[in-house]
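Worksheet: one structure, shown below.
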Amino acid sequence: MNKVEHIGIAVTDIHVAGNIYETLLNTSVYKTETVKSEGVLTAFLQTGPNKIELLQALNDDSPIARFIAKKGEGIHHIAFEVDDIVAEMHRLKSEGFVLLNDEPKQGADNKLVCFVHPKSANGVLIELCQGIESRD
Ligand SMILES: CC[C@H](C(=O)O)C(=O)SCCNC(=O)CCNC(=O)[C@H](O)C(C)(C)COP(=O)(O)OP(=O)(O)OC[C@H]1O[C@@H](n2cnc3c(N)ncnc32)[C@H](O)[C@@H]1OP(=O)(O)O
Ligand SMILES: [Co+2]
C-alpha cells in the first residue's frame, strides 16, 4: 500500500456537494465520471496530494443508495494506491481479509479496483486502486 489514493464520500446530489467541496477546498472538480458497473456518478477534487471522490447513486440498487439509506451522507470508503493489485489481493486473501470481488474491476479515474469488506477492517470499507497506465 503506497498511500491514500482517495477518500470516497457518499452524497445525495453531486452538484450541490461539488460546490460545497470546491469552496471548502478552494479548488475545482477536475473530473466527473459515471461508472455504470458500480451504479455511481463520481466527481473528483484534489488538494495537494490528496483526492476526494464524491459519489452519487445512479439508481436504488447502487451501493451508494443503500449506504445513504442506512447511514446518510458521509465518508464511504478509503482507497489506497497499490503497485500490483493482483499481488495485494492474494496477500490480503491469504491474511484472511474478505474481498468483495475476485478479480480487479474497472474503477473511475483510470484505475483497476478491488474492495475489502468493512467487516474485515474495523468497519471501514477499503478500496485498492492500481493505475491502469502503470500495468505492464
Ligand atoms: C469503482 C468506482 C469508484 C472508484 O473509486 O473507482 C468507487 O469507489 S465506487 C464505490 C461504490 N462501490 C462499492 O462500494 C463496492 C463495494 N461495496 C459493496 O460491495 C457493498 O456496498 C458492501 C458489501 C460494502 C455493503 O453492501 P450492502 O450495503 O448491500 O450490505 P449491508 O447493508 O448488509 O452492509 C453489510 C454491513 O456493512 C456495513 N456497511 C455497508 N457499507 C459500508 C461502508 N461503506 N462503510 C462501512 N460499513 C459499511 C453495513 O452497515 C452492514 O453492517 P451491519 O453492522 O450489518 O449493519
Ligand atoms: Co473510490
Side-chain angles (χ1 to χ4, degrees):
M1 307 277 188
N2 296 337
K3 63 172 184 170
V4 172
E5 208 286 330
H6 62 265
I7 292 175
I9 300 176
V11 299
T12 47
D13 183 319
I14 207 151
H15 302 294
V16 170
N19 289 336
I20 289 168
Y21 275 81
E22 284 186 331
T23 307
L24 179 73
L25 303 177
N26 198 19
T27 185
S28 301
V29 167
Y30 71 84
K31 174 187 266 193
T32 58
E33 185 178 346
T34 297
V35 184
K36 267 210 172 108
S37 56
E38 288 298 314
V40 295
L41 170 61
T42 63
F44 287 88
L45 304 100
Q46 182 149 359
T47 172
N50 303 310
K51 283 189 208 172
I52 296 293
E53 176 189 60
L54 302 177
L55 301 128
Q56 179 185 324
L58 290 175
N59 52 56
D60 290 346
D61 294 336
S62 167
I64 297 302
R66 288 202 297 274
F67 177 87
I68 290 177
K70 205 162 192 179
K71 298 173 176 275
E73 292 185 306
I75 293 179
H76 179 260
H77 62 274
I78 302 173
F80 291 93
E81 179 193 273
V82 297
D83 291 328
D84 182 339
I85 194 166
V86 172
E88 275 301 296
M89 288 171 69
H90 285 152
R91 182 180 72 81
L92 291 175
K93 225 172 183 171
S94 70
E95 299 280 3
F97 288 85
V98 174
L99 303 187
L100 290 164
N101 44 292
D102 293 333
E103 300 292 328
K105 59 183 178 180
Q106 182 69 43
D109 211 21
N110 267 333
K111 299 269 184 310
L112 284 177
V113 301
C114 174
F115 290 89
V116 180
H117 200 288
K119 295 285 186 207
S120 292
N122 302 95
V124 178
L125 179 61
I126 300 292
E127 178 183 356
L128 307 181
C129 293
Q130 177 185 321
I132 291 176
E133 59 280 352
S134 71
R135 268 164 74 93
D136 42 28

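Whatever order the structure lists them in is the order used to number ligands and atoms, beginning at 1. A quick note: this is a predicted structure, and the numbers were derived from the prediction, not measured.
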Task: CD1 on Ile7 to CD1 on Ile75, rounded to 0.5 Å - done: 6.0 Å
Open item on the list: Counting non-hydrogen protein atoms only, what is the nearest one to atom 26 (O) of ligand 1? Give residue, atom name and distance.
Closed with: Arg66 NH2, 4.2 Å
Open item on the list: Using a 4.5 Å cut-off between side-chain heavy atoms of Ile, Leu, Val, Met, Phe, Trp and Tyr, which other residues end up in the same hydrophobic cluster as Val98?
Closed with: none
TODO: Everything protein-side that's N, O or S and under 2.8 Å from the Co ion (ligand 2): list it, residue and atom.
DONE: His6 NE2, Glu53 OE1, His77 NE2, Glu127 OE1
Open item on the list: Looking only at protein heavy atoms, which one is nearest to atom 19 (O) of ligand 1, and what is the separation?
Closed with: Leu100 CD1, 3.7 Å
Open item on the list: Apply the hydrophobic cluster definition, ILVMFWY joined by side-chain contacts under 4.5 Å directly or through others, and give me every member besides Tyr30.
Closed with: Phe44
Open item on the list: Would you say atom 30 (O) of ligand 1 makes contact with the protein, given that contact here means a non-hydrogen protein atom less than 4.0 Å away?
Closed with: no
TODO: Let me know which of Val124, Leu55, Val116 forms a side chain to side chain contact (heavy atoms under 4.5 Å, CB included) with His77.
DONE: Leu55
Task: contact_flag Lys111 ligand 1 heavy-atom lt 4.0 Å - done: no
Task: With sequence neighbours excluded, residues passing ring-ring contact (aromatic ring centres under 6.0 Å, His included) with Tyr21 - done: none
Open item on the list: Heavy atoms only: which of Lys119, Glu53, Lys51, Lys71 lies closest to atom 7 (C) of ligand 1?
Closed with: Glu53
- [ ] Using a distance threshold of 4.0 Å (strictly less than), state whether atom 46 (C) of ligand 1 has a protein heavy-atom neighbour.
- [x] yes
- [ ] Among all protein heavy atoms, pick the one closest to atom 51 (C) of ligand 1 and tell me residue, atom and distance.
- [x] Lys70 NZ, 3.8 Å
- [ ] Just let me know how Ala108 lines up against ligand 1, side chain, backbone, both or neither, with a heavy-atom cut-off below 4.0 Å.
- [x] both
Task: Region of His76 engaging ligand 1 - heavy atom pairs below 4.0 Å - done: both
